[in-house]
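Have a look at the structure below, then the notes.
Below, each value reflects all heavy atoms present in this structure, side chains not excepted, and no hydrogens, waters or symmetry copies.
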Amino acid sequence: MVDAGVLGARIASSAVAPLVKKLFVKDQPGAGLVSSPVRISALVSFGREKRSVTPKDVEKVAAELVRRALKTAGPGEQPVTAEEATAVTHALGHSLASLGTLTIEDYEAVDLGPEEFARTLRSHAAVISYGLSGDGELFYEQLLHTAALHILNFFTQRSTYIARQQTAQSRQLARLVRAVDVLLGRLPSQSAEDAGFEARYAEHITGRYGTLTIYGLDTGTSEWSLDTAYLSLEATRERDGQDSGLQIPAEQVLAQHDQVLLRGVAGSGKTTLVQWLAVTTASRAYDHGLTHLIGRVPFVLPMRRIVRPGTEFPIPGDFLKAVGCPVAGEQPAGWAERVLRAGRGVLLVDGIDEIAGDRRDAARRWLRELTRTFPGNLWLVTSRPSAVPERWLEAADFHELTLSPMARDDVATFVRRWHRAAGADEAEGMSLLQAVRTTSELNRLATNPLMCGMLCALHRDRRGFLPQDRKSLYEAALTMLLERRDRERELDHPDGLRIPYATQVQLLQKLAWWLIRNSRAEMDRSDALHIIGQAVPAVNLDGTAEDVYRSLLLRSGLLREPAEGRVDFLHRTFQDYLGSRLAVQELDFDLLVNHSRYDDWEDVILLAIAHARPKEAEQMLRRLVGQDSSRGKLLAAAGLRYVAEVELSVRELVEEGVGSLIPPRSITEAEELGRAGGDLLLALLPGPENVDNRTAHHVVQAASHLGNEAALHFLTRFRKHPSQEVQTTLAACWPRFDRALYARDILAHLPQQRRVTVRGAEDLRTLRALGGWEDIRILGPYRVEELTELIVQERLVRLFLEAPHPVDGLAWLAVFPRLERVRVATEVSPYVAQQVPLRIELITPRTSRS
């Protein structure tokens with residue numbers, strides 16, 4: 001027998017909407033927006049003095065709703081008898097008739113939502129039981145809910161409806177109506193037993209996966225609501241290791257493709273995405289816009305749970321039992337197979353990398369067999385990048401995508417939500433964001449939710465301050481990734497090899513130091529196996545070099561295989577940290593100092609100073625200061641922050657060395673310092689508070705050469721500086737930075753609009769978003785149409801056109817009413833033997849335009 005509750009919802013909007021309209025008066029000619037709400041009783045067609053519809057007609061509408069709902073049931077599936085159908089009709093008609101006595105107004109009803117509005121209709125009508133059975137009662141309630149949904153949607157479509165604050169509710173109701181139609185095509189006739197079990201199972205999924213957990217933090221296990229914490233990331237299609245540039249929101253991957261293999265590094269958000277898809281599918285809320293999830297049933301299949309040594313891969317009927325679902329025992333016989341045969345399943349297979357390598361081929365066969373046997377379902381399979389080769393599931397028609405690192409705005413959103421969920425002060429989150437944006441090592445760490453969560457927890461645990469030394473920060477991260485995360489997730493080592501934390505660190509150090517010494521970003525897999533093979537006897541591990549390598553690759557979260565036969569570190573910052581540890585252990589101080597002129601050795605040297613014993617650190621500082629280049633002196637000054645103990649004489653020597661460079665005394669010194677200083681320069685440059693105008697100008701020149709986000713944040717301190725030279729320099733160095741960020745954080749705050757250089761239409765759009773600009777230099781080819789359309793005409797005062805070839809005629813300049821000066825710079829004909837710049841200056845006074 002079909003479930004009465006399901007049947008009551010199975011009437012398409014094309015059938016319900018015309019019936020609902022019969023209950024209300026038509027808009028009169030000339031009706032439009034009104035200035036006051038409308039009471040519902042004034043809208044119904046049977047409650048007016050001149051009735052166009054009688055109460056009996058209301059019951060006819062109810063009878064037609066009942067008839068059409070029963071018509072959707074197949075032979076032998078009628079949920080109620082003919083007598084009970086008549087009772088349902090009377091109850092429904094009585095409820096709909098109560099519309100004529102409601103005192104609430106249309107916008108108030110919309111604000112209630114369909115479920116609460118249906119309850120209002122029932123309670124206001126004081127509907128008695130009419131002798132309904134359990135199925136009859138359920139049938140009546142679902143029909144009333146369906147009618148309520150369409151009634152509210154009808155209100156919002158009327159020309160006299162006052163939108164005011166109900167715009168969001170109107171869109172939501174329209175989405176609900178469309179969702180119901182999608183549901184009708186996807187939801188089969190169900191027995192009451194199946195429908196009841198699905199409801200209980202959905203409650204379990206929502207409760208089980210509705211919180212987000214981050215493991216391995218010194219502050220303990222962190223949990224908060226998935227709705228609050230979930231962050232939409234991007235997924236990118238890759239082919240042969242190349243990024244195609246096609247990005248889609250990760251939660252939409254199953255809207256694009258029925259079967260997806262999603263790769264992502266440790267902590268990138270794969271499991272969180274699985275949880276979000278499961279909860280969204282199970283919630284039975286249809287206003288989220290993800291129509292591909294409507295009416296489906298999620299199966300969350302963590303591979304580490306369902307694949308145990310000596311066990312077989314589960315068949316659908318055993319899915320819930322395999323994951324330890326507490327309602328598995330209530331599952332009706334054959335229910336899972338019925339769901340999959342109807343194409344209603346959302347199968348979320350999480351963590352192919354978390355099963356033993358020798359079982360992954362069996363997992364692939366299992367997946368291929370299931371997808372062939374039960375076509376039409378949605379499949380998401382997740383894995384770390386190196387666990388399976390490219391096209392691993394291509395034969396089963398899976399599309400491969402990769403989770404992208406978090407963008408700048410993603411990090412800000414995550415930090416705000418984390419602190420809100422943790423009940424922390426908003427200012428605390430802003431403090432962390434500032435630290436992340438201005439500190440290069442933190443910026444490099446904050447690339448995925450796991451690492452962002454670590455920074456948030458450490459920051460809060462220390463009452464708003466992260467560890468003052470990088471060594472402690474990285475040590476906390478390593479402990480989480482190499483030891484605590486797997487242990488707290490109760491993850492068995494799938495390859496049967498348990499490597500102690502200290503041993504993992506020692507082996508990773510050897511790989512990191514080899515890469516650094518050889519100035520390599522990645523190494524051959526054979527080289528990695530050779531290095532590990534030499535170390536295995538000394539670290540007393542039970543396993544071959546291949547076993548150890550695979551364990552480090554899959555479980556550490558630090559190594560990856562970017563291409564076949566190649567291996568590198570996921571985060572360069574961890575490579576530098578681990579390599580510097582081994583450099584100090586091996587006493588390779590000369591090698592470190594001799595490479596101080598190379599940018600990619602900067603972090604290695606600073607971290608080595610942090611790891612070194614006091615006398616070793618002092619010796620490194622002396623040698624760095626003694627170098628002829630400014631680079632060594634800057635490194636020594638930055639290194640002082642990493643030393644726990646240093647003799648006064650060494651400190652004075654370092655301070656004297658950096659004092660000869662900072663602050664810069666000329667533009668030439670500033671430019672040289674900017675090119676040589678790198679990120680460590682910003683911590684040494686003075687702010688605008690206690691320097692004269694000339695020095696402030698030189699400081700801005702030096703910092704602007706870095707062109708990164710940390711430098712941008714530093715320069716924001718100078719944007720209100722009164723010096724014209726400082727203002728001109730800040731406007732001129734826009735092209736060195738991310739244009740949109742620089743425009744928002746610097747250009748928009750300059751007290752006077754100095755000349756900015758534009759290199760394309762996108763730059764013009766950015767300036768237009770600021771309200772326009774007065775002094776613009778166009779560099780490179782341009783189209784007159786773009787200039788006249790994108791430059792705010794009322795703002796432009798000075799224009800400098802510098803292009804390979806001049807544009808014929810300047811008559812188009814007449815559209816700029818405030819334009820006072822135009823300068824055109826180009827080259828003379830290429831046939832002239834000596835090419836020299838030809839500059840033409842046209843001055844157009846406001847009073848006499850030409």
**Report entry** Sidechain-backbone polar pair: Tyr742 side chain, Leu730 backbone, donor-acceptor under 3.5 Å
**Finding:** yes

Report task. Applying side chain to side chain contact (heavy atoms under 4.5 Å, CB included), run through Met430 and Gln434 and close with a yes or a no. Result -> CA-CA 6 Å; Met430 295 305 297; Gln434 181 174 344; over 6 Å; no

**Report entry** Flag, side chain of Gln259 to backbone of Ala396, donor-acceptor distance under 3.5 Å
**Finding:** yes

**Report entry** Arg739 side chain vs Trp734 backbone, donor-acceptor pair below 3.5 Å
**Finding:** no

Query raised in the report: What is the distance from atom CG of Leu293 to atom CG of Leu378, rounded to the nearest 0.5 Å?
Result: 7.0 Å

Query raised in the report: Under 4.5 Å between any side-chain heavy atoms of Pro302 and Val323, yes or no?
Result: yes

Report summary line: The ring pair (Phe, Tyr, Trp, His ring centres under 6.0 Å) partner of His611 among Tyr642, Tyr577, Tyr474 is Tyr577

Requested in this report: Verify side chain to side chain contact (heavy atoms under 4.5 Å, CB included) between Lys471 and Arg581, making sure each step is shown before the conclusion.
Outcome: CA-CA 10 Å; Lys471 187 173 76 169; Arg581 279 179 58 127; over 6 Å; no

Requested in this report: Indicate whether the side chain of Ser596 and that of Arg631 have a donor and an acceptor atom separated by less than 3.5 Å.
Outcome: no

Query raised in the report: Taking atom types as modelled and ignoring hydrogens, do the side chains of Asp350 and Thr271 form a donor-acceptor contact shorter than 3.5 angstrom?
Result: yes

**Report entry** Distance-minimising heavy-atom pair for Val279 and Gly210
**Finding:** CG2-N, 3.9 Å

Query raised in the report: Do Ile609 and Leu635 come close enough that some side-chain heavy atom pair is under 4.5 Å?
Result: no

Query raised in the report: Judged by atom type as modelled, is there a donor-acceptor pair below 3.5 Å linking the side chain of Ser580 to the main-chain atoms of Asp576?
Result: yes

**Report entry** Contact summary for Arg520 and Asp527, nearest pair of heavy atoms
**Finding:** NH2-OD2, 4.5 Å

Report task. Search all heavy atoms of Leu262 against all heavy atoms of Lys270 and return the closest pair with its distance. Result -> O-CD, 4.3 Å

Query raised in the report: Looking at side-chain heavy atoms only, is the closest gap between Thr766 and Leu747 below 4.5 Å?
Result: no

Query raised in the report: With a 4.5 Å limit on heavy-atom distance, are the side chains of Phe718 and Ile746 in contact?
Result: no

Query - Distance, nearest 0.5 Å, that separates CG of Leu432 from CZ of Phe414 - result: 10.0 Å

Query raised in the report: Are any non-hydrogen side-chain atoms of Asp745 and Phe737 less than 4.5 angstrom apart?
Result: no

Query raised in the report: Of the non-hydrogen atoms in Pro449 and Ser268, which two are nearest, and what is the gap between them?
Result: CD-O, 3.5 Å

Query raised in the report: Looking only at atom types and distance, does a side-chain atom of Ser431 sit under 3.5 Å from a main-chain N or O of Ala427, one as donor and one as acceptor?
Result: no

Report task. Using a 4.5 Å cut-off on heavy atoms from C-beta on, say whether the side chain of Met523 contacts that of Ile531. Result -> yes

**Report entry** CG on Leu273 to OG1 on Thr280, rounded to 0.5 Å
**Finding:** 9.5 Å

Requested in this report: Would you check if Leu559 and Phe569 make a side-chain contact, meaning some heavy-atom pair closer than 4.5 Å?
Outcome: yes

Query - Trp601 and Trp513 aromatic ring geometry - parallel, tilted or perpendicular at 30°/60° bounds - result: perpendicular

Query raised in the report: Which heavy atom of Leu455 sits nearest a heavy atom of Ala446, and at what distance?
Result: CD1-CB, 4.0 Å

Query raised in the report: Could you state the interatomic distance from CG (Asp258) to CG (Leu347), rounded to the nearest 0.5 Å?
Result: 11.5 Å

**Report entry** Expected output: side-chain Glu234 to main-chain Ser404 donor-acceptor under 3.5 Å
**Finding:** no

**Report entry** Distance, nearest 0.5 Å, that separates CG of Leu380 from NE2 of His257
**Finding:** 12.0 Å

Query - Residues Arg263, Glu400: salt bridge by 4.0 Å N-O rule - result: yes

Report task. Go through Leu508 and Leu478 one step at a time and tell me if the side chain to side chain contact (heavy atoms under 4.5 Å, CB included) criterion holds. Result -> CA-CA 11 Å; Leu508 291 167; Leu478 284 174; 5.7 Å; no

Report task. Flag the pair Leu558 / Leu578 as yes when at least one side-chain heavy-atom distance between them is below 4.5 Å, and no otherwise. Result -> yes

Query raised in the report: Short question: side chain of Arg364, backbone of Trp392 - any donor-acceptor pair under 3.5 Å?
Result: yes

Query raised in the report: Between Leu515 and Leu511, does a side chain to side chain contact (heavy atoms under 4.5 Å, CB included) hold up when you go through it step by step?
Result: CA-CA 6 Å; Leu515 288 168; Leu511 299 177; 5.6 Å; no

**Report entry** Ser704 versus Arg736, closest heavy-atom pair with distance
**Finding:** OG-NH1, 2.6 Å

Requested in this report: Please round to the nearest 0.5 Å and tell me the distance separating atom CD of Gln275 and atom OG1 of Thr211.
Outcome: 6.5 Å

